[in-house]
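What follows is a short report on a single structure.
As the structure is a prediction and not an experimental result, all values here were calculated from the model. Both counts, for ligands and for their atoms, begin at 1 and track the order of listing.
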Amino acid sequence: MKYSSKKIRQDFIDFFIDKQHNIVRSSPVFPPDDPTLLFINAGMNQFKNIFLEKESPKYNRVVNSQKCIRVSGKHNDLEEVGLDQFHHTFFEMLGNWSFGDFYKKEIIMWSWELLTEKWKLDKNRLWVTVYKDDDEAHDLWIKHTDVKPDRVLRFGNKDNFWEMGDTGPCGPCSEIHYYTGELNNQKADGVNNLDNYRELWNLVFIEYNRDSNGELNPLPSKHVDTGMGLERILATLNGIEDHYITDLFHPIIKQIEKISGINYSDKDGMPHRVIADHLRMISFSIADGIMPSNEGRGYVVRRVLRRASRFGRVLNIEGPFLFKLIDALIISMGDVYSEISDKQKHIEKVVRAEEESFGKTLDRGLNLINKILTSTEGKVIPGKQVFTLYDTYGFPADLTQLIAKENNFDIDMNSFNDYMEKQKKLARSSSQFKNLNEDTDWKIIKNEESSFVGYTKTSYESQILKYRFIDDNIEIVMKETPFYAESGGQIGDTGKIFSDSLTLKVIDTYKNGGDICHLCEVIEGEFLKNTSAIFELTINEKRRKKIKSNHSATHLLHKSLKSVLGNHVQQAGSLVSDDKLRFDLTHYEKLTQNEILEIENNVNQYIMQNLEVDISNEKYDNAKKMGAEALFGEKYGDIVRVVNIGGSSIELCGGTHVERSGDIGFFKIISESALASGVRRVEAVTGSKAFSFVSDNMKVIDNIKQKLNCNIEDISNKIDSLIDISKQNSVLEKQIQQIQIDSLLKSSEPNFSTNDKIDVYKREIKFNLDPKTFIDNFLNKYKNKSIFLLGLKINKPLIVLVITKDLIDKDINAGLIVKENASLAGSGGGGPKHFGTSGFNDLSKYEKTYNMILNYLKGIKI
Ligand code: ATP
Ligand code: MG
């Protein structure tokens with residue numbers, strides 16, 4: 001291969017650095033605080049707030065290579081992957097941007113220069129498209145480049161108006177396509193139509209914001225946003241059509257060949273392609289902190305993994321194998337994207353565990369699909385069956401659809417969706433997600449950016465920028481705020497926003513896009529009359545202090561888990577609130593008591609050393625050099641916030657922290673449990689909460705000491721011997737019971753028989769076990785046409801009426817007989833059909849009830 005992926009990526013970046021661009025790192029594959037987007041689908045996503053002027057750009061010209069995933073929402077290429085050789089679920093998008101700086105002319109000239117001068121692509125194979133009404137772009141191409149005028153074509157909204165999603169920044173675009181076929185067979189009709197006219201590069205002129213009503217609103221400034229698939233340009237420059245033989249995929253394909261023993265080929269290579277492609281999507285998602293699960297992003301990762309796993313079966317691979325391909329992925333991309341090499345062990349473990357758990361049901365599911373395919377009349381698999389496959393066998397609908405398609409079947413997606421909707425409704429009633437996309441419109445008072453001042457301030461004076469009503473509450477965005485918005489696991493602040501004539505209680509704070517939203521309740525005054533006042537914002541300081549302690553303790557816990565359990569430990573999620581902290585970690589065994597003690601001890605040592613907590617803003621690369629742990633879900637800007645606790649724990653973190661480790665006071669783990677396969681959950685408390693946890697436990701121990709009349713050291717032995725005694729007792733009790741049952745009727749006649757010849761026995765007995773086991777044993781021995789009226793003495797008198805099964809079949813109901821007669825006698829009782837009980841404090845009632853039941857039995861009929 002003539003060109004390596006590394007060279008082309010670097011060429012692109014260098015070219016734009018020469019044009020005064022600055023490099024920005026790729027953001028993670030998902031936007032942590034944009035609920036409208038599951039995965040990053042283009043390089044421009046991380047700049048959304050700059051286009052909307054909610055954030056000001058650090059540089060006016062930037063360049064990067066962005067990790068993108070297109071498996072959901074507006075941009076979904078899942079169905080294409082593997083069928084063709086140039087669409088991926090995960091790909092790298094080379095891009096450059098102008099934020100209100102250069103515009104159409106420059107980018108048109110530069111893109112042409114890069115493709116035809118630096119990279120020397122054949123101009124006779126390049127085609128250019130522009131938006132149908134964009135005369136300006138059309139003329140610029142012809143005037144400022146040497147593209148032949150008849151190779152510049154116009155297209156409508158579908159092809160030349162670019163949007164990231166249903167809402168957000170967008171605009172007309174101009175694309176560059178490359179023809180890969182026989183040179184003389186080209187025609188304009190092929191562009192945007194045939195596979196051998198490949199779209200390489202899209203130049204978008206961002207001019208509008210599409211709002212939730214579907215309206216296009218012009219943006220204050222105009223911007224340039226470009227995107228070119230690295231895989232596409234790499235293949236094109238190497239003169240090939242198949243991405244899977246470039247160095248980005250080759251090592252993975254080789255490894256699949258080795259494991260399966262089946263060689264890759266152009267024609268029959270779909271399974272190889274799907275597996276290699278999906279592996280990248282899964283690995284990069286897990287590296288950025290997504291765990292396969294049953295909802296949201298986690299479910300998409302699970303779906304893609306299951307799809308890949310099933311394609312392994314097509315290549316006759318038995319058992320988990322995807323995890324064995326990760327080495328090869330790291331060979332092709334690990335040095336450029338260090339997150340996958342840093343987290344290799346973690347990714348392998350997660351993938352393997354998922355494959356194992358799916359493997360168990362995969363074969364049964366595949367069998368069922370085969371059965372369905374042979375038994376279905378017509379060519380459409382009913383939604384109910386698709387749902388069963390999903391619900392019982394974990395087959396995502398798109399996997400079923402794929403297998404159906406291979407067999408020339410379709411699936412009834414509508415009816416499947418109905419089943420899903422029903423299930424979701426059930427789940428929703430217990431869901432706790434906040435709806436950040438309420439339709440009620442924002443009322444804008446000032447169109448400005450909001451900023452967080454809460455690292456240093458706990459109260460601040462500021463004004464409302466915008467607000468909207470949500471049910472009985474109001475969401476408010478302030479110009480400045482000391483309230484921390486929920487993120488990085490730390491919960492949002494609560495507190496008060498007030499002026500002379502209005503008091504609001506802040507129930508929660510969270511992010512929505514770039515805004516910090518305060519969810520408020522009106523306590524006093526009229527909101528609408530006061531929207532332009534100056535307010536005092538005060539957070540609940542006591543609560544924040546506890547949150548700070550818990551957050552810093554979380555970092556120390558993270559560090560200690562690694563040193564006690566090993567470096568394979570990765571953070572798989574965390575929650576920092578005022579009353580406790582929670583940390584999910586990747587680890588395969590239950591933590592032993594000794595490990596827990598060692599971890600606690602470790603954290604408390606750091607606390608006692610009273611280490612200084614140093615917080616600084618650093619360049620990302622410097623922070624990495626300092627040894628900083630990147631927390632999942634961080635958005636890596638060029639500058640990152642580093643929280644350094646005495647050099648012992650160094651993490652990238654946007655949260656709030658104590659000033660010295662000693663402020664945490666005391667740390668105690670309160671629980672350890674399994675969360676998912678390969679993930680454990682640890683919960684802990686700090687400060688006075690930890691102290692009360694310990695003293696409450698001490699109280700319990702003191703009580704036990706008193707009851708057992710012994711020292712702490714002897715408790716365990718004493719309890720052991722008590723358990724022994726009680727075991728012996730219960731063996732004895734059982735023996736006694738058996739003797740009682742045997743002797744009860746052995747030599748005795750019934751007290752009387754009814755007309756229908758039911759034998760009625762009255763007996764008085766005494767024993768200590770509960771009557772239920774007694775009755776079960778009893779009925780196993782005596783089966784025919786018998787009723788037993790037993791006066792039992794346990795601790796206090798009890799009447800038990802037992803009837804044999806043949807009588808139940810004749811509609812005699814012991815529970816009911818006791819209930820009715822006891823109630824006539826002024827007492828209570830009842831039970832199931834085969835026995836009824838009634839218990840007494842008062843002996844006279846006992847006798848009365850006993851006689852009532854006895855009389856009833858004398859007249860009983862079947
Ligand atoms: P296509 O029509 O080929 O699907 P697109 O119009 O969806 O492309 P854009 O949204 O304009 O593409 O994305 C910019 C560039 O990213 C494309 O020109 C292409 O080079 C690349 N690209 C888009 N989708 C994929 C994908 N699924 N796999 C690999 N590269 C892609
Ligand atoms: Mg596309």
Only one of Asp133, Asn160, Asp135 clears side chain to side chain donor-acceptor pair (under 3.5 Å) with Arg154; which?
Asp135

At less than 4.0 angstrom from any non-hydrogen atom of Asp77, what atoms of ligand 1 do you find?
24 (N), 25 (C), 26 (C), 27 (N)

Run the numbers for me: atoms of ligand 1, each under 4.0 Å from some heavy atom of Asn202, listed by number.
11 (O)

Distance-only donor-acceptor pairs under 3.5 Å for side chains of residues 321-334, two or more places apart:
residue : atom : partner : partner atom : Å
Asp327  : OD1  : Gln344  : NE2          : 2.8
Ser332  : OG   : Leu248  : O            : 3.4
Ser332  : OG   : Ala328  : O            : 3.2
Ser332  : OG   : Leu329  : O            : 3.2

Pairs of nitrogen or oxygen atoms closer than 3.5 Å, one from Arg232 and one from ligand 1: do any exist?
yes

Parallel, tilted or perpendicular, judged at 30° and 60°: which one describes the rings of Tyr337 and Phe284?
perpendicular

Less than 3.5 Å between some nitrogen or oxygen of Gly229 and one of ligand 1, yes or no?
yes

Part of Leu200 with heavy atoms under 4.0 Å of ligand 1, whether side chain, backbone, both or neither:
backbone

Check: Arg303/His278 side-chain N/O donor and acceptor closer than 3.5 Å
no

With respect to atom 4 (O) of ligand 1, which of His177, Met93, His75, His87 exhibits the smallest heavy-atom separation?
His87

Pick whichever of Glu199, Gln66, Glu92 has a heavy atom sitting closest to atom 17 (C) of ligand 1.
Glu199

Which of the numbered atoms in ligand 1 are below 4.0 angstrom from a heavy atom of Phe86?
28 (N), 29 (C)

Nearest-option assignment for atom 10 (O) of ligand 1, heavy atoms, candidates Trp162, Phe90, Tyr197
Trp162

With a cut-off of 3.5 Å and sequence neighbours excluded, list every side-chain donor-acceptor pair involving residues 137-145.
residue : atom : partner : partner atom : Å
Trp141  : NE1  : Ser174  : OG           : 2.9
Thr145  : OG1  : Trp141  : O            : 2.6
Thr145  : OG1  : Val147  : N            : 3.3

Please say whether the positively charged group of Lys104, taken as NZ for Lys or CZ for Arg, lies over the ring of Phe205, i.e. under 6.0 angstrom from the six-membered ring centre and within 45 degrees of the axis.
yes

Does the structure place the NZ or CZ of Lys105 under 6.0 Å from the centre of the six-membered ring of Phe102, at an angle of no more than 45° from the ring's axis?
no

